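Take a look at the structure below.
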Amino acid sequence: MLLAKVVGTVVSTRKEPSMDGLRFMLVQPVDLNGKPTGPHVVAVDAVGSGIGEYILFATGSSARQTQMTDKRPCDAVIMAIVDNWEVRGEIKYHKGTEETKHRQTEWQGA
Amino acid sequence: MLLAKVVGTVVSTRKEPSMDGLRFMLVQPVDLNGKPTGPHVVAVDAVGSGIGEYILFATGSSARQTQMTDKRPCDAVIMAIVDNWEVRGEIKYHKGTEETKHRQTEWQGA
Amino acid sequence: MLLAKVVGTVVSTRKEPSMDGLRFMLVQPVDLNGKPTGPHVVAVDAVGSGIGEYILFATGSSARQTQMTDKRPCDAVIMAIVDNWEVRGEIKYHKGTEETKHRQTEWQGA
Amino acid sequence: MLLAKVVGTVVSTRKEPSMDGLRFMLVQPVDLNGKPTGPHVVAVDAVGSGIGEYILFATGSSARQTQMTDKRPCDAVIMAIVDNWEVRGEIKYHKGTEETKHRQTEWQGA
Amino acid sequence: MLLAKVVGTVVSTRKEPSMDGLRFMLVQPVDLNGKPTGPHVVAVDAVGSGIGEYILFATGSSARQTQMTDKRPCDAVIMAIVDNWEVRGEIKYHKGTEETKHRQTEWQGA
């Protein structure tokens, strides 16, 4: 899985019928400091994530291992919303804490 | 899935028989501003897309999860035509709107 | 799928028994102008391609969706020989035409 | 598989139900000298690894071939803890040996 | 598949039980001249390869299509030992020939 931030949405009315009702989210992979790294990906949302949240997404055939994406042409799925992560004992991000090192207001990526 | 623009077509008469009748499209991945990023990919068209349209394509085994590509040696499929996308509340592209930030005439990529 | 040029062959006598009789081709991915881009790949030939031809190859589990590669440890297969491709209405390559923009004599890649 | 070092953990309470009880580890791929290379990945721990240990992780559908990850939206799994590795006869890393060329105190990556 | 050179081994005693008895090889992908290119990979050996040999390895689900790796969390397998390869009619490497352009003594990669 990759750590990423939800930065936007994509709307499509003309698509594979099996994709009806699914939400396409623009997710920006981030490094261990929460900074954007590499190109964005479009992932189906399976956990009710929102813009600005850090999430984990899975790719490839693993992206079809949710009830929502089973047997659909979906190769990326948001399967977890991140509460916090730490690196060698140091908390790098904690959701909803003002003291976090990665406040949303500092975000300038993507 | 990746956001991309359809930029061309590939014709092949000598191919795996199971691929007969499928359309091969040249798609150019784009960034959140619609600018080309990374190398092009050849994807089978499952939704009737046309040159110049922004689309989503899925890769890997997920590319075989459409009726058109099932059990075929196809590793990339166009499974949605994009109407619009937005990033942090700002509309970055809206199909058919002159005011869009990414008019086709501005396209210089690939 | 990726657009590539067949540039060579690989010979192996000691290999997985299920790979006996298959031809290993060295293929060089190319950009929309036919110029080499990215590292080469070794693909099994499922369509009788020859050195110097432009082809499409599929990777991953999709590379096993031919009769020749079914259930074999093969992750790349040539599944189409390219006749021509065009970008935004302009023919970029046409097989066997002297006027093509990518004559073999100009090839200097790989 | 890729050689990597476990550098941290990710916590998520809101996630795909099938992922309950699994540990998400931040792993940093390393080169043959144990130096960080490329972006980190989040992998499910299937072998009881700890922060600072060198491990092997598998990706894609292969990441679901453990009892812990079977049929789950998991695309990366730690499936081995590394005791040592050697390159052309020279031991590059040996776990728990002070004389190793890659003591943890020298680690500055990620 | 990718062309690579076997450069080392990895030892692990604590691992997924299904991986018991398999050999983990460090393989370094090479370009058409036999020079190292891109990061190394750890692959399971299915053909009895040795340090210094050029091999082909397959990745992803295709890496599980050998008797040795079936249903195991293995995403890379050595499935062929290379005798020789040629590019546009020129032999670039021939195993065991002193006149080869890529003698082992010239190898300085990885």
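Everything quoted here is computed from the prediction, not taken from an experiment. Residue numbering restarts at 1 for every chain, and letters A, B, ... go by the order of the sequence lines.
- Using a distance-only test at 3.5 Å, with no hydrogens or angles considered, a donor-acceptor pair links the side chain of D:Trp85 to the main chain of D:Leu32.
- Atom CE of A:Met1 is separated from atom CG of D:Leu26 by 10.0 Å, given to the nearest 0.5 angstrom.
- Of residues 10-19 of chain A, not one residue has a non-hydrogen atom less than 4.5 Å from any non-hydrogen atom of chain D.
- Across A:Asp31, A:Leu56, A:Leu2, the residue that shares the most heavy-atom pairs under 4.5 angstrom with chain D is A:Leu56.
- Atom-to-atom distance recorded for D:Asp75:CG and A:Phe57:CZ is 8.5 Å, nearest 0.5 angstrom.
- Rounded to the nearest 0.5 Å, atoms NZ (A:Lys5) and CD1 (A:Ile55) are 11.5 Å apart.
- The backbone N or O of A:Gly38 sits less than 3.5 Å from a side-chain atom of A:Gln28, completing a donor-acceptor pair.
- Here the CZ atom belonging to A:Arg88 is positioned 8.0 Å from the NZ atom belonging to A:Lys92, to the nearest 0.5 angstrom.
- Within the model, atoms OG1 of D:Thr9 and CZ of D:Phe24 stand 11.5 Å from one another, a figure rounded to the nearest 0.5 Å.
- Within the 4.5 angstrom heavy-atom criterion, atoms from both the backbone and the side chain of D:Val44 approach chain A.
- Between the side chain of D:Glu53 and the backbone N or O of D:Gly50, at least one donor-acceptor pair lies under 3.5 Å.
- Residue pairs meeting the side chain to side chain donor-acceptor pair (under 3.5 Å) criterion with at least one member in residues 40-49 of chain D, sequence neighbours excluded, are D:Arg23-D:Asp45, D:Asp45-D:Ser49.
- Across all non-hydrogen atoms, the minimal contact from A:Leu3 to A:Val82 is CD1-CG2, 3.8 Å.
- Taking non-hydrogen atoms and a 4.5 Å limit, the residue list of residues 58-72 of chain A in contact with chain D, ordered by number, reads A:Ala58, A:Thr59, A:Ser61, A:Ser62, A:Gln65, A:Thr66.
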